Structure formats: C-alpha cells, structure tokens
Amino acid sequence: MEDTYDPRSVERKAQAFWESRRSFHAEEAAGKKKFYCLSMFPYPSGKLHMGHVRNYTIGDVLTRYLRMRGFNVLQPMGWDAFGLPAENAAMANKVPPARWTYDNIAYMRKQLKSLGFALDWEREIATCSPDYYKWNQWLFTRMFRKGLAYKKTGIVNWDPVDQTVLANEQVIEGRGWRTGALVEKREIPMYFFRISAYAEELLKALDELPGWPEQVKTMQKNWIGKSEGVRIGFPYELDGKKQVLWVFTTRADTLMGATFMAVAAEHPIAESAAKRDSRVKAFIDECKKGTVIEAELAQIEKKGMPTGLSVTHPISGERIPVWVGNYVLMTYGEGAVMGVPAHDERDYAFAAKYGLPIKPVIRHPLGDKVDPPWRPEYAEYGTCINSGKYDGLDFQEAVEAISKDLKEKHLGEKQIQWRLRDWGVSRQRYWGTPIPIVHCPACGDVPVPDDELPVKLPEDLVPDGTGNPLAKMPSFYETKCPECGRAAKRETDTMDTFVDSSWYFSRYACPDQQAAMVDERASYWMPVDQYIGGIEHAILHLLYSRFFQRVMRDEGLMPKVAEPFTNLLTQGMVLAESYYTDASGRREWVNPADVVVERDAKGKILSARTKNGKEVVYDGIGTMSKSKNNGVDPQALIDKYGADTARFYTMFASPPTNTLEWSDESVEGSYRFLRRVWAFALQFSKGHKTAGQDTAARREIHATLKQASYDMQRQQFNTVASACMKILNSLEKLEDPGSATAAEGLSILLRLLAPIAPHLAHDLWIELGFGEDVMKAPWPEPDAAALEQDEIEYVVQVNGVKRGSVRAPKAADRSALELIVPSLDFVKKHIGDKIIKRIVIVPGKLINVVA
RNA sequence: GCCCGGGUGGUGAAACUGGUAGACACAGGGGACUUAAAAUCCCCAGGCGCAAGCCGUGGCGGUUCGAGUCCGCCCCCGGGCACCA
C-alpha cells in the first residue's frame with residue numbers, strides 16, 4: 001500500500017470496482033427483505049450545493065449500513081427537471097430551458113458519481129423527459145374523467161407591464177421582479193385537483209405513520225385543518241329577490257353576539273354593492289391590488305367598508321350590517337364571516353376601529369363585560385349570557401340548541417369545514433408538463449386520448465418573460481377535437497412541478513416501462529422504507545405525494561399501497577449568509593464566497609463588500625437557494641480533500657435533523673482523521689502480527705462500538721463519526737500496533753467507517769487482507785465479554801451536587817453502598833453536622849446523599 | 001399575523017428513558033521535531049478565583065433528592081403559509 005493517503009487514487013479505484021461489479025444495481029428478489037431508501041431528487045440548478053451533499057450522504061450512509069445488515073437495497077436517483085429557474089436562465093442567456101437543464105443534469109450527475117453514492121444509476125429518470133411526463137398526462141385524464149381534476153377560476157399575481165402571471169417568488173415587496181410594477185390580482189380559469197375529497201383519509205392516516213416525525217404530522221394536521229362547526233344562513237333581500245348569506249363558524253354559541261358580517265372582496269354580495277356605491281367599488285379595487293401571497297395578506301392592516309346592505313339575524317331577527325373586509329378569504333368556507341367582536345380578537349379590532357357595537361354573550365374568566373383593551377380571556381369558552389333562551393348553556397349545549405333551531409328554519413346545520421384547499425395545478429408557463437386537454441367549441445374540454453399521449457413539449461423555445469411562448473405558437477395549440485374532429489385549441493398551460501414529484505418514487509421501480517405508469521415491480525419496492533429530505537417539504541410535497549399515492553391506488557395501480565413513505569427523516573436545512581447589491585434598484589445576489597466581511601468582536605457585521613470593493617447588503621442567514629445565490633459549491637472541497645472527507649465532514653458536523661450553518665473551517669480535522677486512519681493501517685500492515693490482547697483497549701473499543709451501533713440505528717451519524725475517531729484514538733495508544741487487539745479494532749473501525757467514508761474503507765479492507773469487499777462484510781457486533789468489569793466507579797453527590805466518586809465491586813448491592821458512602825471524607829465534609837435523610841442510588845452509576 | 005422547530009464553551013457539537021454538563025473535533029495557546037516552513041507528535045483549555053470553592057446549557061419562574069432534559073410565561077433565530085423547489 002501507498003505510504004500516504006491519496007484520496008484521488010483510492011476513490012478512483014473503489015468507484016471502478018463498484019462500477020465493474022454493478023455493486024449498486026438493485027433487483028427484485030423474493031427471498032430477501034427489501035429496503036427502499038430514497039433521498040429527494042434534486043432540481044438540476046447547475047451545481048450541487050452542500051444541502052444536496054448532506055441529503056445524499058445521509059441516504060448513502062443508511063443504504064450502505066443496511067447492505068451490511070443484509071437487506072436488498074434500492075437507492076435510485078433522478079432529476080426534478082421542470083421548473084422556473086430554467087426559464088429564468090433561458091431569459092438571461094437566450095438558451096432553451098431544455099438545453100440548460102440537460103447540461104446541468106450531465107454536470108451534476110458527474111458530481112454525484114464522484115461522491116461515490118451507492119446509487120442504481122440504471123434507474124435514473126428526468127421528469128422533463130416525455131417518457132416520464134406522459135404519465136402525468138395519462139393520470140390527469142383519468143382524474144379529469146372522474147371529476148378529480150376540474151376547472152374553476154383561481155386568483156394569480158399579475159404583472160401589468162409584462163402582461164404575465166408571476167410566481168410568488170417573483171413578487172418582491174408587492175412589485176414584479178423584472179418590471180418593478182405594482183402587482184395585481186387577476187382571476188383566470190385553472191384546473192384543480194380535488195385533494196379535498198381525500199382530506200379525511202389524509203388526516204386520519206397520519207395516526208398510522210409511526211415512522212414520521214411528530215412535528216411533520218402536526219404540521220400536516222394543522223394544514224388540513226378539520227374544524228367542526230355550524231353553517232349559518234343570514235337571509236336578505238336584494239333587488240326584490242330573497243337570498244341567504246352563508247357563513248361558517250366554530251363558535252355558534254356566540255351567534256347572539258354577532259353585530260356585523262364581513263365578506264371577501266370577491267364575494268357576490270360585495271360585487272353587487274360595488275355596482276351601486278362607488279366607495280365600495282373603490283375599496284374592492286383597492287383590495288384587488290397587491291399580491292395573493294397569504295403570508296403578506298395576513299400582515300396587512302385590517303380594513304373594511306360598509307356595503308349599505310344588511311341581513312337578518314336568523315334567531316333574533318335583528319338587522320345586521322354587511323361589510324367588505326380585506327381580511328376575509330374567499331378561499332376558506334364561503335368567503336363570509338360573522339363578526340362577534342366581544343369574543344373574537346380579529347372581529348374586536350375591526351369593530352373597535354369602525355365603531356361597531358360589541359355585545360358580550362359569553363361569561364368569561366374576567367366576568368360578563370368586555371372592556372378595552374382586548375384580553376385573550378374574552379375568547380374563552382363559557383356560559384351563554386344575554387342570549388335569551390340560550391342563557392345558562394355551556395358551549396356544547398349552546399351549539400346543539402342553536403344548530404337545532406337553525407335547522408328547523410332551514411338556516412343552518414352542523415358542518416365540517418376544511419382548511420385544505422383544492423390543488424391548483426395550472427401554470428401559465430412553458431417549461432412543464434402540457435395539460436392534456438383540448439378545448440372544442442362544440443364538445444367543451446376534452447381530454448387527449450391515450451394513443452395521442454404524450455402531448456409533447458417543444459424543446460427549442462426560449463421564453464422572454466412576457467408569458468407562455470406556447471400560447472404564441474399555433475403549431476402547438478392548433479389541433480382537432482378528439483371527439484368531433486372539428487378545429488379546436490389545445491390547452492397551453494402546463495402543470496405545477498409538484499405533480500412531477502408526487503409519484504417519481506414509484507417510477508424508479510420500473511423506469512423502462514413504456515406501456516404503463518407503473519408495473520408490478522412498483523408493488524415490490526413500494527412503499528419507500530426510508531425517505532430523506534429537507535424539512536421545507538414537510539407540508540406541500542409530502543401531502544401531495546400522499547394524495548397521489550391514493551389516487552393511483554384507486555386507479556388500480558399498486559392497490560395495496562396508500563402511504564408512499566413508511567419512515568421519514570427530515571433533514572435540517574443547510575444555511576448560509578446571503579448578500580446583494582442594490583445599485584440599479586434591482587437586487588443582484590452575490591455568492592458569499594465572493595464577499596469579504598468585516599465583523600466586530602461579537603461577530604456582528606460591520607461592512608461587507610465584494611472582492612472588487614463593491615458594497616453589498618447583508619440579507620441575513622437562510623437556506624441555500626438558487627434565487628439568493630448563496631449555495632456553497634462542494635466541488636472545491638472534493639477537489640482538495642476528496643469525496644470521503646466531504647462525506648465524513650458533513651456527517652460529523654451535526655446530527656441530520658439539525659439546521660446547519662455552513663462553515664468549511666473544520667474540514668481539515670476530518671481530512672486529518674482519514675490520514676491518521678491510513679497511517680495506522682500502514683503501521684499495522686508493516687508490523688509483526690502478534691496474538692497479544694489489551695483488555696482495557698478492547699473494552700474501550702467495544703464500548704464505543706456498542707454506542708456507535710445504537711447511534712447508527714437511531715440515525716445520529718455525527719456520533720458514529722465521533723466513535724470512529726475514538727476507536728482510532730484507542731488504537732493509536734496501543735503498545736503493540738500489530739497485536740490481535742489492533743487487528744480486531746481495525747476491522748471494527750473500517751466497517752464502522754464503510755458507510756461514511758466508503759472509498760477509504762474499501763481500499764484498506766482489501767489492503768489489510770480482511771476480505772475483498774467491505775460492503776459484503778457483516779456489521780460488527782460488540783462482544784459482551786469484552787465489556788465486563790469487576791469494579792464500577794460511582795459518582796457521589798451530596799444534595800445533588802457532585803462531590804467525588806468511589807469505586808465499588810460490581811457485586812456491591814444497595815445496602816453495601818449505603819454503608820460505604822457516609823464514611824467517605826468528602827461526603828462527611830459536605831454534610832457537616834446535618835443528618836442524612838436518604839440515600840438515592842442509581843444502579844451502576846450514581847449515589848446521591850440527601851441531608 | 002398563523003402553524004412547526006431550534007437556542008449548550010471562541011466554533012461544530014455530546015450527554016439514549018430526569019442522574020458526572022461540554023465526549024469527539026475545529027479554531028487557539030504552549031512545547032517537541034526541523035536550518036526554516038509544512039506535515040506530524042505531546043500538553044493546556046467553560047467563566048471567575050492563589051486556593052477551598054462559586055457560577056454556568058437564551059431569560060424569568062415552577063416541579064424534583066437531582067433539570068440541558070419535565071411544566072408555565074417571555075426573548076431571539078430558522079422553516080412553512082398553497083405559483084421557488
């Protein structure tokens with residue numbers, strides 16, 4: 001073997017070995033227990049960033065570990081290849097998105113290969129390939145026929161200058177990112193997936209996912225948002241016609257305290273009021289300005305305007321004024337709420353602002369009155385007061401009584417309301433899956449027949465930022481109706497890229513299948529046993545995937561699989577600082593690698609400039625993203641230290657679920673460790689082999705192994721890496737580096753290291769003659785005999801504070817210890833003349849004397 | 001604003017079910033080797049204190065023989081909020 005560790009040649013050798021043996025090729029095998037390990041596929045943005053390296057190393061460590069445990073492992077890789085950045089790049093460089101995307105894929109594939117991930121590359125897929133998106137279209141047509149895909153209007157961000165729909169990301173402080181124009185809301189027809197039809201099942205099934213983090217399940221539960229309440233009708237007359245304004249409330253017990261109604265700007269009642277009252281029209285127009293981004297809407301000042309209309313209270317018969325409120329969402333319930341200012345914080349603020357009456361109807365912990373300022377107690381459940389026949393009822397009784405009375409009047413009944421909205425999938429963009437619908441003047445919306453799929457996306461277009469180029473391309477959209485044969489127009493919208501990522505994991509099982517979306521091989525591999533990806537996907541991607549799996553199940557594909565992911569590991573984000581220049585009024589993001597920062601003693605940034613002296617603005621720390629240009633490219637790291645160091649370091653730096661502020665400062669240490677492993681192996685290989693045993697060292701090594709095995713199972717890889725270091729420390733301290741203990745320790749070390757730094761482990765395993773393939777070696781087991789000890793060192797506390805320790809024979813029981821401890825000098829000293837009340841003993845560990 | 005996380009030395013972190021706070025490293029200081037440097041090796045190291053000892057896991061309070069770990073309130077940071085992926 002070489003005298004020094006040369007990662008380049010070690011890694012080349014190992015990768016050639018794996019390639020020549022197709023080591024990572026997975027095949028369905030009936031007898032062996034399968035394990036499908038999957039990391040979220042990357043968007044081919046150009047280069048890998050540290051988030052990818054972390055994500056894929058986590059997956060790789062797991063699969064290599066499970067291989068050693070004897071599982072039939074599948075770990076595939078592919079590309080989430082449709083999306084907005086390709087269009088942005090196209091605009092900037094005048095290169096078609098297809099070309100840009102395929103180039104990026106080629107480069108990133110090379111990077112992934114150089115990291116030595118145990119991936120089955122024979123199953124690679126790219127979602128922008130017609131072979132793949134054909135099945136998006138195929139499933140869409142099934143869903144369309146079943147009514148699971150349907151058309152209605154949706155609200156989008158509209159850039160009035162570029163005459164184009166903007167993604168939320170392209171709206172910066174209420175303005176279009178390219179034009180700077182104030183963004184408007186616009187209603188357009190779109191297709192939706194009826195995910196709401198599965199709301200109940202998606203919610204319930206969360207309870208049967210023990211392998212998912214509680215955190216994620218809670219987020220999904222809240223997102224689906226099941227609430228039980230009452231739908232209440234408030235009758236009114238408009239232009240001589242009797243109508244009813246419907247609201248949903250979870251607080252029907254407060255109905256008698258309703259003093260106003262608030263409707264969304266898009267509500268029909270608001271629109272009809274606008275026709276009569278120019279002030280209402282002006283207010284609604286005002287509401288329609290700005291973005292559709294809910295995070296921003298939630299923070300704007302709550303404003304309203306009376307419509308001049310009033311409705312009748314269904315119980316009391318009182319007249320109640322109807323307002324338009326900018327805080328009422330058309331997308332939740334029926335776009336109207338009843339205002340009960342005495343018992344709802346938002347309604348209170350609204351009523352206080354506009355001088356509307358506040359009528360307390362619930363006895364709260366502070367009494368019967370509601371005086372300013374608002375107190376959270378006002379919203380608590382309590383007994384009804386000032387509510388006529390409902391006085392004295394508690395929450396549940398009041399809801400029952402009121403909903404019963406409303407039902408008799410046909411003005412209400414109990415209802416379940418969901419927060420989850422149907423999934424809008426239409427995008428007015430080019431680089432995505434064409435929606436397979438033909439618009440026929442006679443037949444309406446007609447799905448494209450199976451034998452005409454896929455509707456292929458032309459790959460040579462270059463978008464210019466003024467809308468979807470497909471809509472300007474007659475050769476794409478001019479077609480004939482599949483039903484009547486008359487001239488018709490193809491849909492030019494494409495699908496949300498979340499559609500692509502909602503089922504790709506099943507396609508990996510059978511990427512070559514031309515005749516079907518998936519085949520029986522998917523039933524073998526699915527569900528994914530371990531899914532790994534960023535916590536940022538906790539809701540949308542994971543929920544959509546759970547929905548799609550059920551749609552596919554109900555379509556007869558993989559009939560036994562409802563949940564796509566049995567176990568979920570949510571990787572913490574890799575964060576980096578971001579900087580921009582603001583010279584032209586448009587933000588130009590500067591990569592942190594190109595920024596020189598000056599800090600004060602506390603680490604606060606004093607000034608930041610680019611390497612050529614331009615002042616930049618610090619934008620805080622956040623997730624590595626293409627849009628903020630703050631991704632740290634791992635390539636320099638790999639070039640300098642090799643893949644094993646990059647892998648080892650990312651695992652060592654923190655546990656997988658932690659967010660990680662990237663710093664490559666301490667990479668050196670990981671490299672130094674791998675070099676030391678090499679150096680020790682070299683020393684061992686040159687030394688004389690002896691049968692000598694070192695009991696103390698063996699105990700250390702096996703104790704460390706025991707902990708490392710446990711940590712491996714609970715996926716805490718940073719301490720597995722530490723364990724490798726500890727074992728090497730023990731080995732280096734051995735008096736005889738050729739001893740049997742050294743041989744045993746090395747064989748344990750290399751196997752622990754094999755999942756994390758596989759190239760080095762592979763090479764040394766062969767060089768030292770342990771075998772021909774470390775991946776085929778069994779995972780090491782700690783030897784119970786090596787862990788045996790005759791004496792135990794007890795920590796001794798007095799009143800919970802550590803004062804010393806005492807060695808006692810392993811066999812010493814409680815009464816023996818109780819006898820020894822009070823006579824210890826340091827115990828006597830700290831007890832003084834106090835009386836010992838009790839002695840707490842934690843077996844094998846600790847003794848606490850309480851005085 | 002709403003929902004979900006996180007906060008431990010100068011830094012990344014460890015401490016599994018409440019039981020020795022800071023394992024393992026990085027950066028740092030000191031030393032050895034070297035003509036010198038790199039590399040390597042050895043030693044030191046939470047803060048205050050000569051020491052005994054005291055303080056210390058974002059802050060305040062609580063439960064407990066004992067709290068980084070459990071409970072309550074607050075502060076700060078990150079993720080998500082439906083068209084970034």
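The model shown is predicted, which means the values in this text are computed figures rather than measured ones. Per chain, numbering begins at 1; letters A, B, ... match sequence-line order.
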What does [N] pair with, Watson-Crick or G-U, if both distances are under 3.5 Å?
N: B:rU40; value: B:rA32
N: B:rU11; value: B:rA25
N: B:rG1; value: B:rC81
N: B:rC50; value: none
N: B:rG56; value: none

Does A:Lys628 count as lying over the ring of A:Tyr580, i.e. NZ or CZ under 6.0 Å from the six-ring centre, within 45 degrees of the axis?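 No - A:Lys628 does not lie over the ring of A:Tyr580 by the 6.0 Å and 45° rule.
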Among [options], which one satisfies side-chain contact (heavy atoms from CB on, under 4.5 Å) with [X]?
X: A:Val632; options: A:Met624, A:Lys47, A:His49; answer: A:Met624
X: A:Trp177; options: A:Val183, A:Asn88, A:Val171; answer: A:Asn88
X: A:Gln220; options: A:Leu540, A:Leu209, A:Leu542; answer: A:Leu542

Please check the phosphate of [N] (OP1 and OP2 only) for any side-chain N or O of [X] closer than 4.0 Å.
X: A:Lys837; N: B:rG66; value: no
X: A:Arg346; N: B:rG1; value: no
X: A:Arg714; N: B:rC16; value: no
X: A:His830; N: B:rG53; value: yes
X: A:Asn799; N: B:rG66; value: no
X: A:Gln716; N: B:rA15; value: yes

Please give the distance between the [atom1] atoms of [N] and [M] as a whole number of Å.
N: B:rA21; M: B:rC76; atom1: P; answer: 32 Å
N: B:rG80; M: B:rG61; atom1: P; answer: 36 Å
N: B:rA45; M: B:rA23; atom1: C1'; answer: 15 Å
N: B:rG72; M: B:rC26; atom1: C1'; answer: 38 Å
N: B:rA32; M: B:rA25; atom1: C1'; answer: 23 Å
N: B:rG9; M: B:rU63; atom1: P; answer: 27 Å
N: B:rC43; M: B:rC48; atom1: P; answer: 24 Å
N: B:rA14; M: B:rG58; atom1: P; answer: 14 Å

When the aromatic ring centroids of A:Tyr618 and A:Trp589 are compared, is their separation below 6.0 Å?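 A:Tyr618 vs A:Trp589: aromatic centres not under 6.0 Å.
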Hey, would you say the A:Phe505 and A:Phe41 ring centroids sit under 6.0 Å apart?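 Judged by ring-centre distance (under 6.0 Å), A:Phe505 and A:Phe41 do not meet the cut-off.
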First of A:Glu214 and A:Glu294 reached from the 5' end of RNA chain B, by closest nucleotide: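 Here A:Glu214 is the residue nearer the 5' end.
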Taking for each residue the nucleotide of RNA chain B bearing the nearest heavy atom, is the 5' side occupied by A:Val850 or by A:Glu296?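 Going by which nucleotide is closer to the 5' end, it is A:Glu296.
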Between atom [atom1] in [X] and atom [atom2] in [N], what is the gap in whole Å?
X: A:Lys706; N: B:rA23; atom1: NZ; atom2: C1'; value: 17 Å
X: A:Leu575; N: B:rC76; atom1: CG; atom2: P; value: 19 Å
X: A:Leu674; N: B:rA39; atom1: CG; atom2: C1'; value: 16 Å
X: A:Phe498; N: B:rC81; atom1: CZ; atom2: P; value: 8 Å

Nearest to the side chain of [X], heavy atoms from C-beta on, is which of [options]?
X: A:Leu84; options: B:rA52, B:rA82, B:rA85; value: B:rA85
X: A:Thr719; options: B:rA23, B:rG79, B:rU20; value: B:rA23
X: A:Glu536; options: B:rG19, B:rA82, B:rA85; value: B:rA85
X: A:Val840; options: B:rC65, B:rC84, B:rU20; value: B:rC65
X: A:Ala295; options: B:rG19, B:rG1, B:rA13; value: B:rG1
X: A:Met219; options: B:rG79, B:rG5, B:rA13; value: B:rG79
X: A:Arg675; options: B:rC3, B:rA23, B:rA39; value: B:rA39
X: A:Leu540; options: B:rC4, B:rG19, B:rC81; value: B:rC81

Look at all strands and tell whether [X] reaches a base, only sugar-phosphate, or nothing, counting heavy atoms closer than 4.0 Å.
X: A:Lys829; value: sugar-phosphate
X: A:Glu661; value: nothing
X: A:Gly424; value: sugar-phosphate
X: A:His537; value: base
X: A:Trp423; value: nothing
X: A:Tyr43; value: sugar-phosphate
X: A:Gln299; value: base
X: A:Val796; value: nothing
X: A:Gly622; value: sugar-phosphate
X: A:Thr657; value: nothing
X: A:Asn848; value: base
X: A:Pro42; value: nothing
X: A:Leu420; value: base
X: A:Asn658; value: sugar-phosphate

Taking [X] first and then [Y], would you say they form a salt bridge - that is, a charged N and a carboxylate O separated by under 4.0 Å?
X: A:Glu491; Y: A:Arg427; value: no
X: A:Glu301; Y: A:Lys353; value: yes
X: A:Glu173; Y: A:Arg175; value: no
X: A:Arg178; Y: A:Asp162; value: yes

Do the side chain of A:Asn222 and the base of B:rC3 come within less than 3.5 angstrom through a donor-acceptor pair of N or O atoms?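 When only heavy-atom distances are counted, A:Asn222 does not reach the base of B:rC3 through any donor-acceptor pair under 3.5 Å.
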Sugar-phosphate or base contact per nucleotide [nucleotides 24-30 of chain B; S, B, -; heavy atom under 4.0 Å]: BSSS---
Give me the ring orientation class for A:Phe547 and A:Trp423: parallel if the planes are under 30° apart, tilted from 30 to 60°, perpendicular past 60°.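 Ring orientation, 0 to 90° scale: perpendicular.
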What's the base orientation of B:rG58: syn (chi within 90° of 0) or anti?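 Here B:rG58 takes the anti form, which means its glycosidic angle is more than 90° from 0.
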Does the side chain of A:Asn468 pick up a donor-acceptor pair with the side chain of A:Asp493 at under 3.5 Å?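 Per modelled atom types, A:Asn468 and A:Asp493 side chains form no pair under 3.5 Å.
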